[in-house]
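Only heavy atoms go into these numbers, but all of them, side chains included; no hydrogens, no water, no symmetry mates. Numbered from 1 within each chain, the chains take letters A, B, ... in sequence-line order. Nothing here was measured: the structure is a model prediction, and the numbers come from that model.
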There are 2 protein chains.
Amino acid sequence: MSTPSAALPVPAGRAAAADALPGERIAEGPGSPAFSPLYRQIKALMTRSLQAGEWRPGEAIPSEMDLAARFKVSQGTVRKAVDELATDNLLVRRQGKGTFVATHAEQKIQYRFLRLAPDQPSGERAQRRFLDCRRQRAPADVARLLGLKAGDAAVQVRRVLSFQGQPVIYDDIWLPGKPFKGLTAERLAAYGGPLYAMFEAEFGVSMIRAEEKIRAVAADALAAEVLGVAAGSPLLSVERLSLTYGDRPVELRRGLYRTEAHHYRNELS
Amino acid sequence: MSTPSAALPVPAGRAAAADALPGERIAEGPGSPAFSPLYRQIKALMTRSLQAGEWRPGEAIPSEMDLAARFKVSQGTVRKAVDELATDNLLVRRQGKGTFVATHAEQKIQYRFLRLAPDQPSGERAQRRFLDCRRQRAPADVARLLGLKAGDAAVQVRRVLSFQGQPVIYDDIWLPGKPFKGLTAERLAAYGGPLYAMFEAEFGVSMIRAEEKIRAVAADALAAEVLGVAAGSPLLSVERLSLTYGDRPVELRRGLYRTEAHHYRNELS
DNA sequence: GAGTGGTCTAGACCACTTC
DNA sequence: AAGTGGTCTAGACCACTCC
């Protein structure tokens, strides 16, 4: 192998991605330092392969040796790229078996983004009830957050989650119309698992990370009715913007949580 | 260097820690796999040095080459240990300068654990007002969470944080009496910076990570008075347990946040 | 036994900071 | 120029999984 700073040669062609690469590693911008190490370029190429669907959720990606050959770098460099993708939760390593594309369908990773926990732990699963699923124009605020133009098609889903028979979460969910064409109340009800698993399996949309804004609010008439509390009761308001590859927003979820017997848990470090 | 599985030889003595090491790397428990790679043992030794105060917040630790010599391993192995300590936020790497012990006194890291953000960003700093600082016996629930015996000495601090003249946060803070001997209202008022910077500088207690439980609650009479809202108004209740080295709990903080113009932000991944 | 990821080493060179 | 962390390589061996 030549020096680390040399341009990456274009490896043999593959199905989905061409693995083309900028000719130089140092950005040419005037005075811009913008140095990107080799392993980050590999990481970017691999992210593209994930985004393009060359490797699908749940599947194994090629072995480190194969990737090293494909990208014409040492195994250690591939390893560092995979390490970062694994800590970003895009990949999951399993010693002796291989490296796999992360999936929301996994039993152990299900409800990865749900931070509400019961005060008294109980292995019980959530009961879902869908209130409606409508296709309509995105309101201005929703459009802005989802990166749509005001008036673009969107899908609104509203549902209630119950634990031990008690309604606890009311979710008002907005999805961009384009990638979620064909989403209906029937399909929602038919699919057993978590929403994010369905989005991934049936629409090819993988939620990678999310940003939440949390507040305390007073229950309005609708929320009070749906959640079975008095109007004016304090509820946790959780606005979640979910992002897919490349930090593209693909879901806006406004949740109201009852927190008499549950709490939102968080780890700071 | 001998094989990776060999026991670590005890390096030359140092001031604070003896760097003693278990004779074998594989735990002897019957059938227990408990394999611990070399770099994790190095990490544990370094954590001990941090805990023992051999390296203090803000100071530089020895260079990777020095550490490699001290522990009689390769630089790469030290590097992996330091990498993990850096992602755990115990250390901070600065290329060309060295590796430093993380500190809450740092301007850029200040208020690391405060997740409340204004809806309209404003570079304004918090105004603090201390309501009281009392030395007393820990109530049962506080004692349990702090790992004290019921009735052990504790320090209770209550304070209000205001932003742009508006009271926004009411904190009820409990600290174990032993390590915080000598904490008084006067010293609190005298110290300018964040509480955690003071705890670190004046009591040698470094907060490393924290666990929070968040709820929506109705303001009681006291909270309403202190925060200037109507009784019954929704407030965000944030219970934080802060931990120091070795996951030892050293602070219980119960906060009530007004969220009309602020929100608790969180990143999920 | 073959294949996978995981650890450890040794050495070269690069980028950044300080003197 | 010297010292620090950061990158990259090549090779050996270990731990785990599956056939």
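Between A/Arg112 and A/Glu106 there is no salt bridge, since none of the side-chain N atoms of the basic residue sits less than 4.0 Å from a carboxylate O of the acidic one. A salt bridge links A/Arg209 with A/Asp247: the closest approach of a Lys/Arg side-chain nitrogen to an acidic carboxylate oxygen falls below 4.0 angstrom.
Between A/Ser74 and the phosphate of D/dA10, there is no side-chain N or O to OP1/OP2 separation shorter than 4.0 Å. Distances shown here put a side-chain N or O of A/Arg93 below 4.0 Å from the OP1 or OP2 atom of C/dG6. OP1 or OP2 of D/dT7 has at least one side-chain nitrogen or oxygen of A/Tyr39 nearer than 4.0 Å. Distances shorter than 4.0 Å separate some side-chain N or O of B/Ser63 from OP1 or OP2 on D/dT4. The side chain of B/Thr99 contributes an N or O atom lying less than 4.0 Å from OP1 or OP2 of D/dG5.
Not a single side-chain hydrogen bond (donor to acceptor under 3.5 Å, both in side chains) links A/Arg265 to another residue, sequence neighbours left out. A/Asn89 is linked by a side-chain hydrogen bond (donor to acceptor under 3.5 Å, both in side chains) to nothing, counting only residues two or more places apart in sequence or in another chain. By the side-chain hydrogen bond (donor to acceptor under 3.5 Å, both in side chains) test, A/Glu200 is found to be paired with A/Thr103, residues two or more places apart in sequence or in another chain being considered.
The distance between atom CG of A/Leu91 and atom P of C/dG5, rounded to the nearest whole Å, is 11 Å. In this structure, CE of B/Met65 is placed 10 Å from P of D/dG5, rounded to the nearest angstrom. The distance from atom CZ of A/Arg94 to atom C1' of D/dC16 is 14 Å, rounded to the nearest whole Å. Between the CZ atom of A/Arg40 and the P atom of D/dT7 there is a distance of 7 Å, given to the nearest Å.
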Look for any protein N or O under 3.5 Å of an N or O in nucleotides 17-19 of chain D and output each such pair with its distance, or none.
residue	atom	partner	partner atom	Å
D/dC18	OP1	A/Lys97	NZ	3.4

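Side chain to side chain, B/Asn266 and A/Tyr264 meet the donor-acceptor criterion of an N or O pair below 3.5 Å.
Considering every non-hydrogen atom in both B/Lys43 and B/Ala81, the closest pair reads N-CB, 3.8 Å.
Under the 6.0 Å cut-off for aromatic ring centres, B/His262 and B/Tyr257 do not qualify, their centroids lying 6.0 Å or more apart.
Residue pairs meeting the ring-ring contact (aromatic ring centres under 6.0 Å, His included) criterion with at least one partner in residues 76-110 of chain B, sequence neighbours excluded, are B/His104-B/Phe113, B/His104-B/Tyr196.
Non-hydrogen atoms lying under 4.0 Å from DNA chain D are contributed by B/Arg79, all within residues 76-87 of chain B.
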